[in-house]
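One structure below.
Reminder, nothing fancy here: chain letters follow the sequence lines and each chain counts from 1. Only a predicted model underlies this, so the values are computations on that prediction, with no experimental measurement involved.
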2 protein chains.
Amino acid sequence: MSTDKKEHIINTAIGLFAERGFEGTSIRDLAAKAEVNIAMVNYYFGSKDKLFEAMLVQKASYMREKLEEIANDKSRSDIEKMDAVVEAYVNRILSQHQYHRIIHQELMLKQREEVHNSIINIFSKNTLIIKSIIEQGIKKKAFKKVDPELTFATILGTINQVMLSKGMCNLLINKEKNFNPYTDETFKKRIITHLKQIVHSLLLQH
Amino acid sequence: MSTDKKEHIINTAIGLFAERGFEGTSIRDLAAKAEVNIAMVNYYFGSKDKLFEAMLVQKASYMREKLEEIANDKSRSDIEKMDAVVEAYVNRILSQHQYHRIIHQELMLKQREEVHNSIINIFSKNTLIIKSIIEQGIKKKAFKKVDPELTFATILGTINQVMLSKGMCNLLINKEKNFNPYTDETFKKRIITHLKQIVHSLLLQH
DNA sequence: TTGAATTAAACAAACGTTTGATTAATTAAT
DNA sequence: ATTAATTAATCAAACGTTTGTTTAATTCAA
């Protein structure tokens, strides 16, 4: 019971935080949408801030393990590793786009410094893994000399740019308003294809 | 007098909105930082919302004119036009990074639908201009067949990704904390170089 | 002296949070 | 097996603060 309802509150909160931001969401809004009493949020989580942290912990997606698995996979060439990185990020961000949007907000704002720093820390470690893949490719002369950090920024930035707002998605995709870009496989493939094209043309020698 | 103080309030507001978001910034915070009386904000702007709109109008940067100038410049080749687009965006976003961050926030959130839609509308028109440049290059067989919308998303997304947070900048740049990435010419050139490399390798035939 | 600028104070509404009562479910004692 | 005691969940109501906004008085400049 308790766990179910806690999760239900967290899931409702994710939707609201993603659409309105943390400070733009009141506990009354949240309680109303989750159809629970106002007091339940503080009863379960202690405070609005702690609800936020509980949400981050529960919905955290550990990309690092996936990236390290890709980086250490000796059956893949370096360019295949980069392709796998692209696919992993597109899949992850598309499937968790609300959570990802909240992270994105926190990254932009200077509120909640602790959260902010831990996001940058995670990002920092992921950057190092991508960097090592790219530098290996360069050392083997399979890759051109590129800017490893900014190459990673391009991959993530492109996905973010199209995933930021539904309106932006529909603009890029030329679809009607009730179309859901987050579940559309064609759209996903389009992003993956574009990013692979970017990565291949940027990295591979001719 | 009036104009000076109004501008001073707007400039202070930009800094706060960029760091804490619109709902995360109280009029009291703003008044304190701008060193004016709390009542002055409503005296000059009518309301917090209207201050926000006044700020958007005053600090709006009309990229479209610049883009159309580039697109219609017959002395430039298509790839040179794309290079000019890259430079224009990097310069614009770096020089107005706080304003740009606020626009970015509004794009992500579902608050203030009117603002949200007008941002998407502006973006939509800019996308069309870039698209026309790329499609001209493709028609002339100077460019490879690429995804024009996503190519634009890559340019903007890359800049956004590195400009989102100062922490992110310093992570990419490996500099000490008091280093200011927004005014550093070396950093700017690094981004421009990377993006031109992306655009060239993606678009140009070999 | 008139109108604009500025102020401290107050306003209602909304905020996150806490309370104390009530109900439902679980455990312990007889 | 039944009752009593204990715990957990839920609720409406209220708490003190902070919010955006307004007032009315005062200062300033022309």
Side-chain angles (χ1 to χ4, degrees), chain A residues 1-59 102 105-106 109-116, chain B residues 1-59 102 105-106 109-116:
Chain A
M1 327 282 151
S2 166
T3 316
D4 285 1
K5 192 154 258 180
K6 277 180 88 168
E7 258 196 63
H8 175 240
I9 292 175
I10 284 185
N11 287 332
T12 311
I14 285 212
L16 286 175
F17 290 161
E19 282 190 358
R20 312 181 190 180
F22 179 75
E23 4 276 329
T25 305
S26 74
I27 291 194
R28 281 168 181 82
D29 291 338
L30 171 56
K33 188 159 190 189
E35 289 180 305
V36 298
N37 190 274
I38 318 171
M40 296 312 290
V41 174
N42 281 289
Y43 174 75
Y44 280 126
F45 301 97
S47 70
K48 194 189 175 189
D49 282 275
K50 283 179 184 165
L51 157 68
F52 188 68
E53 281 163 38
M55 186 268 285
L56 289 180
V57 170
Q58 225 226 353
K59 296 286 169 182
I102 295 169
Q105 288 167 15
E106 287 302 304
L109 301 178
K110 260 193 175 174
Q111 317 263 51
R112 292 171 290 283
E113 196 172 344
E114 210 178 323
V115 175
H116 183 91
Chain B
M1 331 288 142
S2 164
T3 315
D4 283 2
K5 194 155 256 178
K6 277 180 88 170
E7 258 196 64
H8 176 240
I9 292 175
I10 285 185
N11 287 332
T12 313
I14 285 212
L16 286 174
F17 290 160
E19 282 189 359
R20 313 183 188 177
F22 179 75
E23 3 277 329
T25 305
S26 74
I27 291 195
R28 279 169 182 80
D29 291 338
L30 171 57
K33 188 159 190 190
E35 290 181 302
V36 299
N37 189 274
I38 318 170
M40 295 312 290
V41 175
N42 281 290
Y43 176 74
Y44 279 125
F45 301 97
S47 71
K48 193 189 175 189
D49 282 275
K50 283 179 186 165
L51 157 69
F52 188 67
E53 282 163 38
M55 187 268 284
L56 288 181
V57 169
Q58 226 226 350
K59 296 287 169 183
I102 295 169
Q105 288 168 14
E106 287 302 302
L109 302 178
K110 261 193 175 175
Q111 317 263 53
R112 294 170 288 284
E113 198 172 342
E114 210 178 323
V115 175
H116 183 91

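A distance of 14.0 Å separates CE in A/M55 from NZ in A/K6, rounded to the nearest 0.5 Å. Interatomic distance, B/I14 CD1 to B/L56 CG, rounded to the nearest 0.5 Å: 8.5 Å.
Atom NZ of A/K48 and atom P of C/dC15 are 9 Å apart (whole Å). Regarding B/F45, its CZ atom lies at a distance of 14 Å from the C1' atom of C/dA5, rounded to whole Å. For B/E35 and C/dA5, the CD to C1' distance is 17 Å, given to the nearest whole Å. As a whole-Å value, the separation of B/I27 CD1 from D/dT22 C1' is 12 Å. Atom pair B/L30:CG and D/dT21:P shows a separation of 12 Å (rounding to whole Å applied). Rounded to an integer number of Å, the gap from B/M40 CE to D/dT21 P is 15 Å. Protein atom CG of B/L51 is 11 Å distant from nucleotide atom P of D/dG20, rounded to whole Å. Counting to the nearest Å, the C1' atom of D/dT19 and the CG atom of B/N42 are 12 Å from each other.
The side chain of B/Y43 contributes no N or O atom lying less than 4.0 Å from OP1 or OP2 of D/dT22. Contact annotation: B/K5 side-chain N/O to C/dT6 OP1/OP2 distance is under 4.0 Å. Look at B/S26 and you won't find any side-chain N or O under 4.0 angstrom from OP1 or OP2 of D/dT18.
Of the candidates B/I102, B/D49, B/L16, B/D49 is the only one forming a side-chain contact (heavy atoms from CB on, under 4.5 Å) with B/F22. Only one option out of A/T12, A/N11, A/I10 pairs with A/H8 in a side-chain contact (heavy atoms from CB on, under 4.5 Å); it is A/T12.
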Taking N or O atoms only and anything under 3.5 Å, show me the protein contacts with nucleotides 8-11 of chain C, one pair per line.
unit_1 : atom_1 : unit_2 : atom_2 : d
C/dA8  : OP2    : B/N37  : ND2    : 3.2

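Considering only heavy atoms from C-beta on, A/Y43 stays 4.5 Å or farther from A/N37 through its side chain. Looking at heavy atoms from C-beta onward, A/E106 lies in side-chain contact with A/F52 at the 4.5 angstrom threshold. Between A/L30 and A/L51, the closest side-chain pair of non-hydrogen atoms falls below 4.5 Å.
For A/K110, the NZ atom is loosely surrounded, since the number of other residues' heavy atoms within 6.0 Å does not exceed 12.
Residues of residues 9-23 of chain A that place a heavy atom closer than 4.0 Å to DNA chain D do not occur.
For A/E23, the side chain to side chain contact (heavy atoms under 4.5 Å, CB included) partners are A/L109, A/Q111, A/R112, B/E23, not counting sequence neighbours.
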